Number of protein chains: 2
Amino acid sequence: MDEKIEKKYRIGDFAEVTGLSSPTLRYYEKEGLINPHRTENGLRYYTEQDVDWIKFLLHLKSTGMTIEQLKQYVKWRAEGDSTIDKRVELLEEVRSNFEKEFENLQNSWTILNDKLDWYKGKVNGHIEDSESFAAYLKRLNHHE
Amino acid sequence: MDEKIEKKYRIGDFAEVTGLSSPTLRYYEKEGLINPHRTENGLRYYTEQDVDWIKFLLHLKSTGMTIEQLKQYVKWRAEGDSTIDKRVELLEEVRSNFEKEFENLQNSWTILNDKLDWYKGKVNGHIEDSESFAAYLKRLNHHE
DNA sequence: ATTAAACTTAAAGTCAACTTTAATTAATTG
DNA sequence: CAATTAATTAAAGTTGACTTTAAGTTTAAT
């Protein structure tokens, strides 16, 4: 009987591979976002699956999911395949919100670049001293 | 002597055009981010320039600038043209951080989409029940 | 076998960015 | 001109997402 030996991480090592701190991992556990195993003496340990989950969770967090939403997602996941629709619906909502926000971000990035170009135009004389940034934006047709 | 009559906004109207709340505007003022005028009776009023400034400030905030950084920016702006270099440097740093974060966001968005595709593949049978999401990502060459 | 490093817990503390409260005054509307 | 609506202030409260503290236990290294 050969057992597949899976790597086990204690909290400090797991913190290192995930980029989170040990207290954050304990906090996530308290919130129900992750459920590490325990040694017979009560020490946590994490597996490769836990690594995959935390990586995915961090992507979800980046796209704007809150701890509360993640909690709900985990709860549904634990309930099994009957909740796939709900999970998909939640992720689709997150995606939709993210896409709106993403467009705003692109716009803000454009305006930031415009401002830098404007400053540089002022300094090197390619933009008239009298032209306000608002007027400059209007000229470029970059609104809002 | 014809005077150009500029539109004046009281705080409630200004809140409406900027999308901020009145308390937030007072908070920004306390932090030194905006300096409205006052009527003889002490009521704040804001001008079109203030609208432009708040719109720009909100873009800066979107790209990740904190209130503290905005404070610094405003302080430099008040000091005049001699601080243009510093302001440009600050904005360039903000842009650079934003660009890094933006790449992460794009990646997270990809992974979120992959997850939704994976769920849908599971449900409609295009993806084998046995294929984990991690394996699916590996197959797509979408890593991290 | 000792000691240092890493772990355990529950509870309190921090931080940024607002938001709410309370008591008062100004402006607008019927 | 009374009543409603909108403004004023300072100070306290809220929220989400952690972080720190304190007091003890387990593991690893010499």
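Quick caveat, the model's predicted, so the values are computed rather than measured. Here is how names work: the chains are called A, B, and so on, in the same order as the sequence lines, proteins then strands, and each is numbered from 1. Side-chain atoms are counted along with the backbone in the values below, which use heavy atoms only and exclude waters and symmetry mates.
- Under a cutoff of 6.0 Å and an axis angle of 45°, K115(A) and F56(B) form a cation-pi pair.
- Remark: K138(A) is not positioned above the aromatic ring of Y136(A), lacking an NZ or CZ atom under 6.0 angstrom from the ring centre and at most 45 degrees off the axis.
- Partners of E29(A) according to the side chain to side chain donor-acceptor pair (under 3.5 Å) rule, which considers only residues two or more places apart in sequence or in another chain, are R38(A), R44(A).
- With respect to the salt-bridge test (charged N to carboxylate O, under 4.0 angstrom), the residues E68(A) and K71(A) qualify.
- Taking the six-membered ring where the residue is Trp, W53(B) and Y73(B) present parallel rings, their angle staying beneath 30° rather than reaching 60°.
- Across the protein-nucleic acid pair, E40(A) atom CD and dT25(D) atom P stand 18 Å apart, rounded to whole Å.
- Both T66(B) and E29(A) lie close to DNA chain C; mapped to their nearest nucleotides by heavy-atom distance, the more 5′-ward contact belongs to E29(A).
- Comment: E131(B) engages R139(B) in a salt bridge, judged by a side-chain N to carboxylate O separation of less than 4.0 angstrom.
- Taking only side-chain nitrogens and oxygens, K61(A) comes nearer than 4.0 Å to OP1 or OP2 of dC18(D).
- Separating the NZ atom of K71(A) from the C1' atom of dC18(D) is a distance of 13 Å, rounded to the nearest angstrom.
- One atom, CG of L58(A), and another, C1' of dC18(D), lie 14 Å apart when rounded to the nearest Å.
- Among the protein residues, Y45(B) comes within range of no part of the nucleic acid, since none of its heavy atoms lies under 4.0 Å from any strand.
- Taking atom CD on E31(B) and atom C1' on dC18(C), their separation rounds to 10 Å, with Å as the unit.
- Note: CG (L20(B)) to P (dA17(C)) measures 14 Å, nearest angstrom.
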Protein-to-nucleotide contact annotation, 5' to 3' order, nucleotides 19-30 of chain C [B base; S sugar-phosphate only; - none; under 4.0 Å, heavy atom]: SB-----SSS--
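- R26(A) places its CZ atom 16 Å from the P atom of dA22(D), with the value rounded to the nearest Å.
- Rounded to an integer number of Å, the gap from L25(A) CG to dA17(D) C1' is 14 Å.
- No side-chain heavy atom of H143(B) sits under 4.5 Å from any side-chain heavy atom of L137(B).
- Summarising the geometry, the separation between CZ on R44(A) and P on dT27(D) is reported as 14 Å, rounded to the nearest angstrom.
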